[in-house]
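Here is the structure we will look at.
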Amino acid sequence: MSSQPTTNSLLRFTTAGSVDDGKSTLIGRLLHDSKSIFEDQLAAVTASSAQKGLEHADLSLLTDGLRAEREQGITIDVAYRYFATPKRKFIIADTPGHIQYTRNMVTGASTADLAIILVDARHGLLEQTHRHSFIASMLGIKHVVVCVNKMDLVDWSEERFREIVSAYRSFSSRLDIPDIKFIPISALLGDNVVDASEHMPWHTGGSLLNHLEEVFVASDRNLQDCRFPVQSVIRPQIDEARDFRGYAGRIASGVFKPGDDVTILPSGMTSRIREIRLGNKVLAKAFPPLSVTLLLEDDVDVSRGDMIVREHNQPTSTQDLDTRLCWLSDEPMNPAARYILRHTCTEAKAIIKKVHYKLDINTLHREEEFDQIAMNDIVRVHIRLSTPILVDDYRENRTTGSFILVDPHSGLTVAAGVLNL
Amino acid sequence: MNTDYNLDHLDELEAESIYVIREVAAQFERPAILFSGGKDSIVVTHLAAKAFAPARIPMPLVHIDTGHNFPETLAFRDELVDRLGVRLIVGSVQQTIDDGLVKEETGVHASRNRLQTTTLLNTIEEHAFDACIGGARRDEEKARAKERFFSHRDDFGQWDPKNQRPELWNLFNGKHRPGEHFRVFPLNNWTELDIWNYITREQIDLPSLYFAHERECIVRGTTILAHSAYLNLKPDERPVTMQVRFRTLGDLTITGAIESDADTLEKITAEVAATRITERGGRMDDKRSSSAMEDRKKEGYF
C-alpha cells in the first residue's frame, strides 16, 4: 500500500500528435513502464501483435479502442487513459491526429492542465506542430512539454535536438504559453520516457514522467475572483430539514468562507454566507474545483443560472460576445440559424451576427474571404444573445470564459467558444 | 482534505462526480440511477446522497434483476433503499422471458447477462426515463475509454460510437428529442483503485461478497465461479470449498471470484493496488470476443 497513491494530486494532460509520430507508442510506453498495464491487457496486445506478424508487443495497440479504429488503424475520437505513480494520478486525454484533429484536440485540451506535443526529430517542426501549439495556447493550457521523439533515428544527436528547441522557441514567442519544457525521447525504445536515457547523457532535464510528476499546476487555479454559478437550489421536503435552503454548485474560482458578504447576480441582492457544506460536512472554506452547498443568512431569491460573487469583484454582464469559436459539427455554420448558447449553468438564444475572420491555424493568418464555416474551423465572431450572461476572460477563468453552441433541432453540440475580453 | 488549497485526487474526482449528478437532476425531467448492487453503483448512490444532502436523492434507483443475483446483493439493496428513503424500481428479466420477449440461453456458458439489455430498455421506456446514471468507468474496458459523461442514446436505446457529442470543459449538453435518452457516467474518471480508496476513506458499506469468505466454487479454466442452482455444470465439474471474494458483482453465473484473504477494506485496497489482472478479467461476458463490450454497448447495455 505504501507505494500506492492515496493522498496525492491529479494532473490532467492532453497528447497531440499525428498518425506517424509515435503518440500511441508514447502513451503505451508510459502506461507500460509505469506498470499500469495489467497482465491480461498485455496478453491481448501481445496476441494481436503476433497475429499481425510483429516481433514485439505493439504498445500502441493498448490505446486504440473502437473496432472501426482497429480496422482502419487510426484513432478517431478523444480517448481517456488513466495511470498513477506513487506521486500522482494522471488522466490523459489522448487526441487523434487526422482530419477531425482540431475538434478533438480542442475537446481534449479544454480540461487539460498540460499538453504534450510530439515532434519527429527527423522532420522537425511541421504545420501540425504549429496547429497543436496554437490550440493549446488558445485553450489556456499553461504548461507544454515538447517531446522530440525518434531520437534513435537521428543518432541521439544533441545538435539536432538544439535546432528543434530553438526553432520552437522562436515560433512559440507568438503564443501565450508561460511554461515550455523540451525533452528528447525515443518512445519506441523508452529513452527518457520513464527512465533517463543512457544514449543521451547530455540531456540532464530528467525524463518525461519525472516532469509530469513534478510540474506544479495548483497555482494555475484562480483563487482571486469569487465565482459560484448556482447549479440548483436544495429544498428538502422532509421534516428534519423543513427550513433548509441551500445553493448547490461547483466553485469556478475564488475562495468562499462563512461570514463573507456576497452579491447575487443578476439581481444584485446582497447577503452573507452562513455555512458551506459538502454532503453533511461543514467546511471552513471552499475553493475550486469543489462542489459544495452554500447557505446564506437571508432568504433571498436565488435560482439555477444565477452567480454568487463578491460586491467589488464582479464578472462582466453582456448580451454581445466578441469571441473565438471552434466549429465542431459536420453541418457548416448557418448564419441565419438561432443556436442555444450554454454557459456555466445557464442558456440563452444566440445569433451569429458576423464572422470577422477565419484563422488559418497553421500560419495564424486571418482570412477575411471564405465560403463557409465548417468543422475544425477557428473563427472570430460576434454573437448576440437573447439575455445577458455573466462572463470573464478565459485566461482568467476557464469556467466563466467558455461556452458551447447547441443546435436546437438536433440537440448536437456544434461549436465551442473561448472569450477574450 | 488538506488545510491549504491543495486537493487530493479523490476530492477532485468527488467534486466532478457530484457536479455531474446535480447536472442530471437539473437538466432532465425523469432521471434515474441504475443500481446493480455492485461497488460502483453503490459509490454513485453515495455521491448522489452527498450531492443533494440533506434532501433525499431526487430520483429513483432502478435495479435490473436477472433472477440470478446473489441473495446478499438483494438484501443489501433493500437495506440501502430503506436507509436513504429513495424509491426503488425493479425490472425483472424473468418477466421479460415469461413475456416471450427474449429466450433463455442454454449450455454450460448460459447467462442472463445479454438478456438484461431488453429488460433495461423496456424499463426505461415504461417509466419514460430521459437520463439513467450508471457506475461505469472509462478504465474498465477499451470500448469505454471514449465514453462521454453525458452519453446520447437514440430512440432504440442504441449508442453510436462514431457520432458522439463532443464534450468540453464542464459543459454538459443533455438536449434530446422525445424517446431519446442519455446514459450518464459520473465515475468516468475513476479507476478501480480510486473506488476502493474512496470506499475506505468514506467508510461506505458494501455487500459481504466483496470480503473474503468461504464458499462452494466451480473452477472453470482460469475462472472461479460461485456454485449455485443457476449454473449449468459440465459432467466433470465438482464444487470445491475455497476462500474467495468478488472484485465485481454481476450474476452468479458469470462473476468470477478470486482467491483472497482480504476481509477488510484496507486489505482489499492493498490487494487491488498490487494486483496485475484487470477486474473485468474475471468476467466471462467480456471474453466472448475482443469487441464483446462494444457490441453490447451499441445495443443499449449498461
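What you see below is based on every heavy atom in this structure, not just the backbone, and it leaves out hydrogens, waters and symmetry mates.
A/Arg250 and B/Ala15 make their closest contact through NE-O, 4.1 Å (heavy atoms, listed as atom of the first residue, atom of the second, distance). Smallest separation of non-hydrogen atoms from A/Leu328 and B/Leu168: CD1-CD1, 3.7 Å. The heavy-atom pair separating B/Ile18 from A/Ser291 by the smallest distance is CG2-CB, 3.7 Å. Residues A/Ile234 and B/Ala51 approach most closely at CD1-O, 3.5 Å, considering heavy atoms.
The number of heavy-atom neighbours closer than 6.0 Å to CD of A/Glu275, taken from other residues, nucleotides and ligands shown, is above 12.
Atoms CG and OH, from A/Leu290 and B/Tyr19 in turn, are 14.5 Å apart once rounded to the nearest 0.5 Å. Between atom CH2 of residue B/Trp169 and atom CZ of residue A/Arg342 there is a gap of 13.5 Å, rounded to the nearest 0.5 Å. To the nearest 0.5 Å, the span separating OG on A/Ser9 from CG on B/Asp8 amounts to 9.0 Å. The structure places CG of A/Asp407 at 11.0 Å from NZ of B/Lys175, a figure rounded to the nearest 0.5 Å.
A donor atom on one side chain and an acceptor atom on the other are found under 3.5 Å apart for B/Asn189 and A/Tyr82. Side-chain contact, B/Arg22 with A/Thr293: a donor N or O sits under 3.5 Å from an acceptor N or O.
Using a 4.5 Å cut-off between heavy atoms, B/Glu16 contacts chain A through both its backbone and its side chain. Using a 4.5 Å cut-off between heavy atoms, A/Phe244 contacts chain B through its side chain alone, with no backbone atom that close. For a residue to count as touching a neighbouring chain, one of its non-hydrogen atoms must lie under 4.5 Å from one of that chain's; by this rule B/Phe172 touches chain A with the backbone only. Contact of A/Ile404 with chain B is made through backbone and side chain together, with heavy-atom distances under 4.5 Å. Residue A/Pro408 does not touch chain B at all, counting heavy-atom pairs closer than 4.5 Å.
Chain B forms the most heavy-atom pairs under 4.5 Å with one residue out of A/Ile340, A/Val292, A/Thr399, A/Leu11, and that residue is A/Val292. For the set A/Gly279, A/Ser110, A/Gly249, A/Pro236, the entry with the most heavy-atom pairs within less than 4.5 Å of chain B is A/Ser110. The candidate from A/Val406, A/Val414, A/Thr111 with the greatest count of non-hydrogen atom pairs under 4.5 Å with chain B is A/Val406. Ranked by heavy-atom pairs under 4.5 Å with chain A, the first of B/Ala53, B/Gly174, B/Pro54 is B/Pro54.
Residues A/Arg88 and B/His9 form no side-chain contact, since every pair of their non-hydrogen atoms from C-beta on lies 4.5 Å or further apart. A/Arg12 has its side chain within reach of B/Glu12: a pair of non-hydrogen atoms, C-beta onward, lies under 4.5 Å apart. Contact of the A/Val78 side chain with the B/Lys146 side chain is not registered, since no non-hydrogen atoms from C-beta on lie closer than 4.5 Å. Taking the side chain as every heavy atom from C-beta outward, B/Leu13 and A/Lys89 approach each other to under 4.5 Å. Side-chain atoms of B/Leu7 and A/Pro289, non-hydrogen and from C-beta on, do get closer than 4.5 Å to each other.
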For this session: I would like to know whether A/Leu278 and B/Glu14 meet side-chain contact (heavy atoms from CB on, under 4.5 Å); could you show each step before the answer?
Result: CA-CA 10 Å; A/Leu278 201 177; B/Glu14 177 188 65; 3.7 Å; yes

For this session: Assess whether salt bridge (charged side-chain N to carboxylate O under 4.0 Å, His left out) is satisfied between B/Glu23 and A/Arg304, documenting all intermediate values.
Result: CA-CA 10 Å; B/Glu23 209 50 23; A/Arg304 173 171 167 88; 2.7 Å; yes

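In this structure, the side chain of B/Arg165 engages the main chain of A/Gly411 through a donor-acceptor pair within 3.5 Å. Here the side chain of A/Asn280 pairs no donor or acceptor atom with the backbone of B/Lys50 at under 3.5 angstrom.
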